[in-house]
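Along the sequence shown, the residues carry numbers beginning at 1.
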Amino acid sequence: MEGKTHAIGGICLGVAAQSYYITDKLDAPELIVFYGACLFGGLLPDICHPGSWTGRRARALSKGISRFFGHRTITHSILFIILIYWLTSTFTFQYDHLIQTGLLVGIVSHIVLDAMTVRGIQLFYPIPLRVRFPLYLKTASKGEGLITSCLIILTIIMLYNQVMIS
């Protein structure tokens with residue numbers, strides 16, 4: 001999937017998580033931090049691809065990960081989710097729990113979306129088993145455009161419901 005699809009996917013799953021998982025009412029700064037973390041988390045797993053949005057911003061790290069692990073391996077796995085959870089558990093500053101939750105939500109959305117592609121992902125890395133949905137699509141195809149449009153519509157509906165319920 002392309003970066004724009006991962007970005008909206010992270011936000012969409014973030015809205016769902018905020019609606020159904022986060023029980024506290026978030027104020028404006030908390031919402032910005034949470035959705036910013038969801039957005040960044042939605043883009044983070046592609047650090048393994050030097051041409052991606054994340055890869056271009058951390059080029060040396062991206063090239064190293066790409067050479068050593070390859071694309072859609074460790075950064076698209078359960079191991080990566082556990083690693084990010086562990087690293088963010090060491091945070092001890094304001095909004096740490098919102099950053100951790102947002103990053104994890106975004107990463108999960110990214111992994112699910114890439115599992116919908118022809119190539120799939122190595123969810124159980126280092127086990128070299130590729131995982132993909134039975135119905136899959138090609139990256140940058142009309143099918144991906146349809147997925148992106150559906151995610152945008154779903155996000156708008158969930159936000160509308162949040163406003164109406166509040």
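- Side-chain N or O atoms of Ser141 include one that pairs as donor or acceptor with a backbone N or O of Lys138 at under 3.5 Å.
- Side-chain atoms of Thr139 and Glu144, non-hydrogen and from C-beta on, do get closer than 4.5 Å to each other.
- Taken to the nearest 0.5 Å, the CD1 atom of Ile152 stands 8.5 Å off from the OG1 atom of Thr5.
- Following chains of ILVMFWY side-chain contacts shorter than 4.5 Å, one cannot reach Ile74 starting from Leu123, and the two form parts of different hydrophobic clusters.
- Scanning both residues, Leu43 and Ala7, for their nearest heavy atoms gives CD2-N, 4.1 Å.
- Across all non-hydrogen atoms, the minimal contact from Val131 to Phe124 is CG2-CE1, 3.9 Å.
- Considering only residues two or more places apart in sequence or on other chains, His71 meets the ring-ring contact (aromatic ring centres under 6.0 Å, His included) condition with His49, His76.
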Going through the distances and angles, do Leu26 and Val33 end up as a side chain to side chain contact (heavy atoms under 4.5 Å, CB included)? CA-CA 10 Å; Leu26 302 179; Val33 168; over 6 Å; no
Using the side chain to side chain contact (heavy atoms under 4.5 Å, CB included) rule, take Phe80 and Leu44 through it: C-alpha gap first, then chi angles, then the decisive distance, then the call. CA-CA 10 Å; Phe80 187 66; Leu44 183 60; 4.0 Å; yes
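- Note that CD1 of Ile82 is 11.5 Å distant from OG of Ser89, once rounded to the nearest 0.5 Å.
- When all heavy atoms of Cys48 and Gly70 are compared, the pair lying nearest together is CB-O, 3.7 Å.
- Tracing side-chain contacts under 4.5 Å through hydrophobic residues (I, L, V, M, F, W, Y), one never reaches Leu79 starting from Leu87; they form parts of separate clusters.
- Remark: the backbone N or O of Ser62 is not paired with any side-chain donor or acceptor of Ser66 at under 3.5 angstrom.
- Within the 3.5 Å criterion, the main-chain N or O of Leu13 finds no donor-acceptor partner in the side chain of Ser109.
- With rounding to the nearest 0.5 Å, the separation of CD in Gln122 from CZ in Arg72 is 11.5 Å.
- The heavy-atom pair separating Phe34 from Ala17 by the smallest distance is CZ-CB, 4.3 Å.
- Proximity of Val15 to Ser19: side-chain heavy atoms (C-beta onward) are separated by under 4.5 Å at one or more points.
- Residues Met158 and Tyr160 do not share a hydrophobic cluster, defined by chaining ILVMFWY side chains whose heavy atoms lie under 4.5 Å apart.
- Both Leu104 and Ile78 belong to a single network of hydrophobic side chains, linked directly or stepwise wherever heavy atoms of I, L, V, M, F, W or Y lie under 4.5 Å apart.
- Taking CG of Leu83 as the start and OG1 of Thr75 as the end, the distance is 11.0 Å to the nearest 0.5 Å.
- Residues satisfying the ring-ring contact (aromatic ring centres under 6.0 Å, His included) test with Phe91, not counting sequence neighbours, are Phe93.
- Contact of the Tyr85 side chain with the Leu103 side chain is not registered, since no non-hydrogen atoms from C-beta on lie closer than 4.5 Å.
- The aromatic rings of His6 and His110 sit parallel, their planes meeting at an angle under 30°, below the 60° perpendicular limit.
- Annotation: side chain of Leu151 is in contact with side chain of Leu113 (closest heavy-atom distance under 4.5 Å).
- When side chains are defined from C-beta on, Thr54 does not count as touching Arg57, because their heavy atoms never get closer than 4.5 Å.
- If you take SG on Cys12 and CG on Leu154, they are separated by 4.0 Å, rounding to the nearest 0.5 Å.
- Closest approach of Asp96 to Thr92, counting heavy atoms only: OD2-CA, 3.8 Å.
- With rounding to the nearest 0.5 Å, the separation of CD1 in Ile81 from CD1 in Ile84 is 9.5 Å.
- Residues Asp114 and Met1 come closest through the heavy atom pair OD1-N, 3.2 Å.
- The cluster map of Ile, Leu, Val, Met, Phe, Trp and Tyr, joined by side-chain heavy atoms under 4.5 Å apart, puts Tyr20 and Ile11 in different clusters.
- Here the side chains of Ile147 and Met116 are in contact, with some heavy-atom distance below 4.5 Å.
- When side chains are defined from C-beta on, Phe69 counts as touching Tyr125, because their heavy atoms get closer than 4.5 Å.
- Here the side chains of Leu31 and Gln18 are in contact, with some heavy-atom distance below 4.5 Å.
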